[in-house]
Amino acid sequence: MEAHNDNWKIWEVFIRSKNGLSHKHVGSLHAPDAEMAIKNARDVYTRRSEGISIWVVPSESITSSAPDEKDELFAPADDKVYRHPTFYDIPDEVGHI
Amino acid sequence: MNSIKNQEPTSETIRLEARFQNYVDGENKVEPKDWMPGAYRKTLIRQISQHAHSEVVGMLPEANWIGRAPSLRRKVALLAKVQDEAGHGLYLYSAAETLGVDRRELLEELLAGKAKYSSIFNYPTPSWADMGAIGWLVDGAAIANQVMLCRTSYGPYARAMVKICKEESFHQRQGYEIMLYLSKGTPAQKAMAQDALNRWWWPSLMMFGPNDAESPNSAQSMRWKIKRKSNDELRQEFIDKTVPQAEFLGLSIPDPELRWNEARGHYDFGPINWEEFKQVVAGNGPCNRERLEARRKADEEGRWVREAANAYAQKQAQRRAQTSEVA
């Protein structure tokens with residue numbers, strides 16, 4: 001096996017900065033396996049206490065929606081104003097509702 | 001997209017490019033899978049990889065002093081700074097990879113001497129005061145450029161820059177602190193600080209690149225909002241900010257033509273030696289060869305670590321497979 005780390009998978013790194021918040025994508029790195037990806041992520045992305053939990057996911061395992069189909073995919077939500085509270089008329093006298 | 005690269009632009013390409021420009025003009029960010037002009041992608045790959053290489057080569061002049069730092073406080077700071085630079089290189093390679101290049105290819109270009117990196121790192125660091133001058137001036141100049149790049153139009157590059165800028169602030173402060181201690185120290189220490197300023201001032205100004213009139217790619221980069229300020233604007237900003245800092249240190253900037261211009265509201269400064277800049281970029285600077293040799297040596301000497309990591313990963317995978325068979 002070629003020794004260069006270009007054979008290493010790319011892993012996407014997600015960090016939870018504190019309990020109560022979601023893990024958030026911070027970038028990617030190369031590693032030969034998941035365990036080493038976590039160790040690398042610790043050094044690369046949390047040198048200043050940015051996290052208390054790390055997720056690593058092989059980039060190839062992520063399926064994303066196609067940017068070209070963005071309009072068809074998301075447009076159906078655009079004309080459904082009745083899904084928002086401001087669509088409904090409530091007299092001021094009723095107070096906050 | 002590659003199939004259209006060598007052909008006349010089709011009406012479809014022209015339409016897409018116009019739409020792209022319109023999108024960027026609206027201050028919208030471009031993300032990896034969005035359509036982008038081939039030249040935009042190419043410019044970004046070149047710029048981000050050069051930036052990454054600069055971080056990696058930038059570790060070398062300072063690593064020279066880790067073992068000789070004058071106190072433990074200075075040593076831990078320098079170690080942390082050099083480690084950050086390795087990290088910054090990794091964030092940037094990661095951003096470049098979102099454009100469809102392979103990190104190893106980029107590294108091979110660096111090791112082969114084909115890729116460029118910031119010319120500043122081809123200057124030597126013979127004295128401890130150079131650690132102060134690099135942090136203060138070189139990181140100061142880099143920050144001016146990087147703060148601008150936090151608003152660059154390519155999302156992954158902008159996000160890497162935000163992270164880098166947060167971390168660089170300590171780099172500049174630790175450098176200025178070194179200069180402060182030396183310039184308030186013995187006459188010999190002050191002379192050492194002045195000597196470092198003399199040597200780093202002009203190369204730091206060159207970091208912003210050629211004058212706008214001599215920088216043909218800049219205009220396109222500005223239109224695409226990859227760059228948000230011109231080389232000359234950034235250079236002037238840096239000078240205006242740095243001159244008072246030198247005055248506070250009681251050190252003098254090695255430019256007899258430097259003076260405040262009330263009408264412009266900026267400092268005027270003397271001509272930059274662009275011939276020197278060209279020579280260093282062309283590979284004839286004081287340390288170009290040494291830097292590349294050090295990178296090649298590090299790559300070669302790190303080979304066993306990569307091999308060991310691979311072997312370990314394989315062994316772990318085999319063990320997991322065996323355990324699951326038994327179960």
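Each chain gets a letter, A, B and so on, in the order the sequences are listed, and its residues count up from 1. All values derive from a computational prediction rather than experimental measurement.
- Taking CG of A:D43 as the start and CD of B:Q83 as the end, the distance is 6.0 Å to the nearest 0.5 Å.
- Only the side chain of B:K163 comes within less than 4.5 Å of a heavy atom of chain A; its backbone N, CA, C and O stay farther away.
- Taking both residues in full, the closest heavy atoms of B:N310 and A:P32 are given as OD1-CB, 3.8 Å, listed atom of the first, atom of the second, then distance.
- Atom OG of A:S59 sits about 8.5 Å away from atom CD of B:E97, to the nearest 0.5 Å.
- Within a 6.0 Å radius of CZ in B:R46, more than 12 heavy atoms belonging to other residues, nucleotides or ligands are found.
- Here the closest non-hydrogen pair linking B:Y312 and A:E35 is OH-OE2, 3.4 Å.
- Heavy-atom pairs under 4.5 Å with chain B peak, among A:E50, A:M36, A:R48, at A:R48.
- Among B:K166, B:E167, B:H88, B:E31, the residue with the largest count of heavy-atom pairs under 4.5 Å with chain A is B:E167.
- A donor-acceptor pair is defined here as one N or O able to donate and one able to accept, closer than 3.5 Å; such a pair exists between the side chain of B:Y91 and the backbone of A:V44.
- In this structure, A:R47 and B:G87 approach most closely via the heavy-atom pair NH1-CA, 3.8 Å.
- A 6.0 Å sphere centred on NZ of B:K116 holds no more than 12 heavy atoms belonging to other residues, nucleotides or ligands.
- Applying the 6.0 Å contact sphere to NZ of A:K80 captures more than 12 heavy atoms from other residues, nucleotides or ligands.
- Closest heavy-atom contact between A:P67 and B:D34: CB-OD1, 3.5 Å.
- Other residues, nucleotides and ligands contribute only 12 or fewer heavy atoms inside 6.0 Å of the NZ atom of B:K75.
- Shown here is B:R15, whose CZ atom has more than 12 heavy atoms of other residues, nucleotides or ligands within 6.0 Å.
- The environment of CZ in B:R296 is crowded: more than 12 heavy-atom neighbours from other residues, nucleotides or ligands sit within 6.0 Å.
- Looking at B:Q316, only its side chain comes within 4.5 Å of chain A, counting heavy atoms on both sides.
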